[in-house]
Amino acid sequence: MTLPYTFAHDAFAAALQTTYVALTDGEESGVTVRVAGRVMLLRRQGKVAFATMRDSSGEIQLFAVASVTQEFEEFAKLHLGDWVGVTGEVVRTKRGELSVKVVNWVVLATALHNFGDKWAGISDYDLRYRHREADLWANPMTRTSLQRRSAVVRSVRERCWALGFLEVETPILNTIASGSDARPFSTHHNALDSDFFLRIAPELWLKRLVVGGFERVFELGRVFRNEGVSPRHNPEFTMLEIYAAYWNYEDMMSFTEELVAGVAMDVLGTTEIEYQGRAFSFAAPWPRRAMAELASEAVREDVSVHTPREQLASLLSERGVEAQTSWGSGRCLSQLFEVTCEATLWNPIFVTDFPVEISPLSRRHQSDPELVERFESYAIGRELSNGFSELIDPVDQRARFEDQARLAAAGETDTMRIDEDYIKALEWGLPPTAGLGLGIDRLAMLIADESNIREVIAFPTLKPLVDQ
RNA sequence: GCGCCGGUAGCUCAAUUGGCAGAGCAUUUGACUCUUAAUCAACAGGUUCCGGGUUCAAGUCCCGGCCGGCGCACCA
């Protein structure tokens, strides 16, 4: 059987449902349409048959009658999952279901596998993730969540464009994986006979474009981190990184809260949602609290980056965390914050004023050189974004990288790699600039009310099956 | 990487204390001219994830492996 190469359709299910809402039971419209989609259900009753057909917009019933429908017997034997193209009149059946009364029809593709139990769908995670194409047909929530992810990406992109940011693309293959603290994936280029790392962040490239005079740039793209897989971590994930010359970290916080609240409005029409059964608000402005302040409240004593390291280490130890010898006061403070506060931060909040020790790319705080002008936003107990006033001083930047190198020598696994090209770029002059990195998958999880990151990634990273 | 839990027909799930491996849907065949997860009847469908072990007897108990879910760690 030769299947058609095209099918010219002129109507969608959802639009038909709207257009013919006034058609009464048993009424025929006199209008012929051509629709196409997938047979989801099929009910035969002797010389008539009813099929529920779904297209990208929704569902509509196909009504086949032996005296009207060509090749009726074959129609009644269609399989669930088959794609069909249909020509027929829009009618409403006696029982009130809007239908296309089939005259001519054609099989566009046959389904050799079914799409799971027609009531229960597919629930096996392995099957759902390895064969998302089947999951998408079987489970409406899968479609909704992935559509919402797409809407999030679109909204983010359009909002950045609207503010005059230039969308750019920077290398994924890098000789040094820098811009964040994470283990990279490595690969090899044969013709160049060179090893490359997949990027863990586009940060340094984007700031080089700002040096080059693109005052507002952003990249919405995949980054790769060779770390653990969890319901909140996929080895490849999508990040927005955005840089604005002449802004500081406070400007970037304002941008961030407006962007995220705006995305919620664009996608859901509201900033007030329920996430996993609990009320959640995207509404701006978000509170801004210094890390040391939050940590002090949590441990009920004043701590800061100036607190003696041993005191912080002891507070950590009381909470089951042993400070590594390489950790200074800054790292200890940050750990203390993570242990005591992070999980409690439900509604969006900016945590500000990070220790310089853990922030090798951030500009020093104007009121305290041991701090940097950096923030992270948290929501539902997790980090959502990270931003700061960018370090523009090439001399300080080199010193910061060298500190990182010392940490690496002391046994720290994830430290920032020194990037000479980047230091040289700073020597050409980076204007005052603020930058932001925002996890798109995490944002999509919030918007789609999903607790597992895999539900907002069409094809999440899975362990390959051994016999393949 | 570590811990806990899980894997039975194409899909969703049963199977008492270790005692004949089952149902619904899908598939196949038949009936039915307004169905809505249509209904009714019949047929067929199994390496119980894989490999060992204990036992008269293993889907069930033990060991190892594979894959997944959740938690921890790393990280965003």
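Numbered from 1 within each chain, the chains take letters A, B, ... in sequence-line order. Note that this is a predicted model, so its numbers are computed, not measured.
- For the P atoms, the distance linking B:A9 with B:A14 amounts to 12 Å, nearest Å.
- When the side-chain nitrogen and oxygen atoms of A:Arg130 are compared with OP1 and OP2 of B:G68, one or more of them lie within a distance under 4.0 Å.
- Rounded to a whole Å, the CD atom of A:Glu338 is 13 Å from the C1' atom of B:A73.
- The nearest whole Å value for the distance from the CG atom in A:Asp441 to the P atom in B:A76 is 13 Å.
- As judged by a 4.0 angstrom heavy-atom cut-off over every strand, A:Arg44 is placed among the base-contacting residues.
- B:G6 is paired with B:C67 under the Watson-Crick or G-U wobble criterion, all donor-acceptor distances under 3.5 Å.
- Under the 30°/60° scheme for interplanar angles, the aromatic rings of A:Tyr249 and A:His365 are found to stand perpendicular.
- Note on A:Tyr129: only backbone sugar-phosphate atoms sit closer than 4.0 angstrom, heavy atoms only; bases stay farther off.
- As rounded to whole Å, 16 Å separates atom C1' of B:G6 from atom CG of A:Leu127.
- Minimum atom distance to the side chain of A:Glu383 is reached by B:A76, of the listed B:A76, B:G69, B:G68.
- The C1' atoms of B:G1 and B:G19 are separated by 42 Å, rounded to the nearest whole Å.
- Between A:Arg225 and B:C74 there is no side-chain N or O to OP1 or OP2 distance below 4.0 Å.
- Here the separation of B:U17 from B:U60, taken at their C1' atoms, is 11 Å to the nearest Å.
- Ring pair A:Trp346/A:Tyr275 is tilted by interplanar angle, where 30° to 60° counts as tilted.
- Listed candidates were B:A38, B:C67, B:A76. Nearest to the side chain of A:Arg43 is B:A38.
- Atom C1' of B:A15 sits at a distance of 30 Å from the matching atom of B:G3, rounded to the whole Å.
- Residue A:Lys94 is classed as a base contact, given a heavy-atom separation below 4.0 Å to a base.
- With 3.5 Å as the limit, one finds no donor-acceptor pair spanning the side chains of A:Thr340 and A:Arg319.
- B:G45 and B:G10 have their C1' atoms separated by 9 Å, with the value rounded to a whole Å.
- Contact between the side-chain N/O atoms of A:Thr52 and the OP1/OP2 oxygens of B:U36 is not found at any separation under 4.0 Å.
- Rounding to the nearest 0.5 Å gives a distance of 6.5 Å between CG of A:Leu316 and CH2 of A:Trp327.
- Comparing atom distances between the A:Glu97 side chain and each of B:G69, B:U36, B:C34 picks out B:U36 as nearest.
- The OG1 atom of A:Thr187 lies 8.0 Å from the CG atom of A:Asp195; values are rounded to the nearest 0.5 Å.
- Two residues, A:Gly439 and A:Ser230, neighbour RNA chain B, and the one matched to the more 5' nucleotide by heavy-atom proximity is A:Ser230.
- Using a 30° and 60° split on the angle between ring planes, A:Phe12 and A:His9 fall in the perpendicular class, above 60°.
- Contact check, A:Ser377 against B:A76: no side-chain N or O comes under 4.0 Å of OP1 or OP2.
- Put simply, A:Asn452 has a side-chain N or O that comes within less than 4.0 Å of OP1 or OP2 on B:C70.
- Pairing of B:U12, defined by two Watson-Crick or G-U wobble distances under 3.5 Å, is identified with B:A23.
- Between A:Thr93 and A:Ser451, it is A:Thr93 whose nearest contact on RNA chain B lies nearer the 5' terminus.
- For the pair A:Phe50 and B:A38, the ring geometry does not qualify as stacking, because the centroid separation below 5.5 Å and plane angle under 30° are not jointly satisfied.
- Using C1' as the reference atom, B:C62 and B:C74 are 34 Å apart when rounded to the nearest Å.
- Phosphate contact (OP1/OP2 of B:U33, side-chain N/O of A:Gln45, threshold under 4.0 Å): absent.
- A 3.5 Å limit on both hydrogen-bonding distances identifies no Watson-Crick or G-U partner for B:A37.
- Atom NE2 of A:His113 and atom P of B:C11 are 10 Å apart (whole Å).
- Separating the CG atom of A:Asp135 from the P atom of B:G10 is a distance of 19 Å, rounded to the nearest angstrom.
- The CD atom of A:Gln61 sits 11 Å away from the P atom of B:A37 (whole-angstrom rounding).
- The C1' atoms of B:U48 and B:G18 are separated by 15 Å, rounded to the nearest whole Å.
- Heavy atoms of A:Tyr125 sit under 4.0 angstrom from primed sugar atoms or phosphate atoms, though from no base atom.
- Nucleic acid contact for A:Gly121: sugar-phosphate only, since backbone atoms but no base atoms lie under 4.0 Å from a heavy atom of the residue.
- B:A58 sits 14 Å from B:C20 when the C1' atoms are compared, rounded to a whole Å.
- Phosphate contact (OP1/OP2 of B:A76, side-chain N/O of A:Ser180, threshold under 4.0 Å): present.
- The pairing partner recorded for B:C61 is B:G53, the criterion being a Watson-Crick or G-U wobble arrangement whose two distances lie under 3.5 angstrom.
- For the pair A:Pro184/A:Leu198, no side-chain contact is recorded, criterion being any heavy-atom separation below 4.5 Å from C-beta on.
- Taking only side-chain nitrogens and oxygens, A:Arg128 never comes nearer than 4.0 Å to OP1 or OP2 of B:U12.
- Aromatic ring orientation, A:Phe115 versus A:Trp137: tilted (interplanar angle from 30° to 60°).
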For nucleotides 21-30 of chain B, read 5' to 3', which letter fits each nucleotide if B means a protein heavy atom sits under 4.0 Å from the base, S means only the sugar-phosphate is that close, and - means neither?
---BBSSS--
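- Here B:G46 sits opposite no nucleotide as a Watson-Crick or G-U wobble pair (both hydrogen-bonding atom distances under 3.5 Å).
- Between B:U12, B:A76, B:G71, one nucleotide has an atom nearer to the side chain of A:Arg232 than all others, and that is B:G71.
- One can place CG of A:Asn234 at 15 Å from P of B:A76, the figure rounded to the nearest angstrom.
- In this structure, A:Asn386 reaches neither bases nor backbone, as no heavy-atom distance under 4.0 Å exists between it and the strands shown.
- A donor-acceptor contact closer than 3.5 angstrom is absent between the side chains of A:Ser362 and A:Glu390.
- When ring centroids are compared, A:Tyr378 and A:Phe337 come within the 6.0 Å threshold.
- Summarising the base pairing, B:C32 is matched to no nucleotide, lacking a Watson-Crick or G-U wobble pair whose two defining distances lie under 3.5 Å.
- Using the Watson-Crick or G-U wobble rule with both distances under 3.5 Å, B:C72 pairs with B:G1.
- Counted by atom type alone, A:Ser145 and A:Glu455 present zero donor-acceptor pairs between their side chains at under 3.5 Å.
- Between A:Arg309 and A:Ser329, the side chains place no donor N or O within less than 3.5 Å of an acceptor N or O (distance only, hydrogens not considered).
- Across the protein-nucleic acid pair, A:Phe224 atom CZ and B:A76 atom P stand 16 Å apart, rounded to whole Å.
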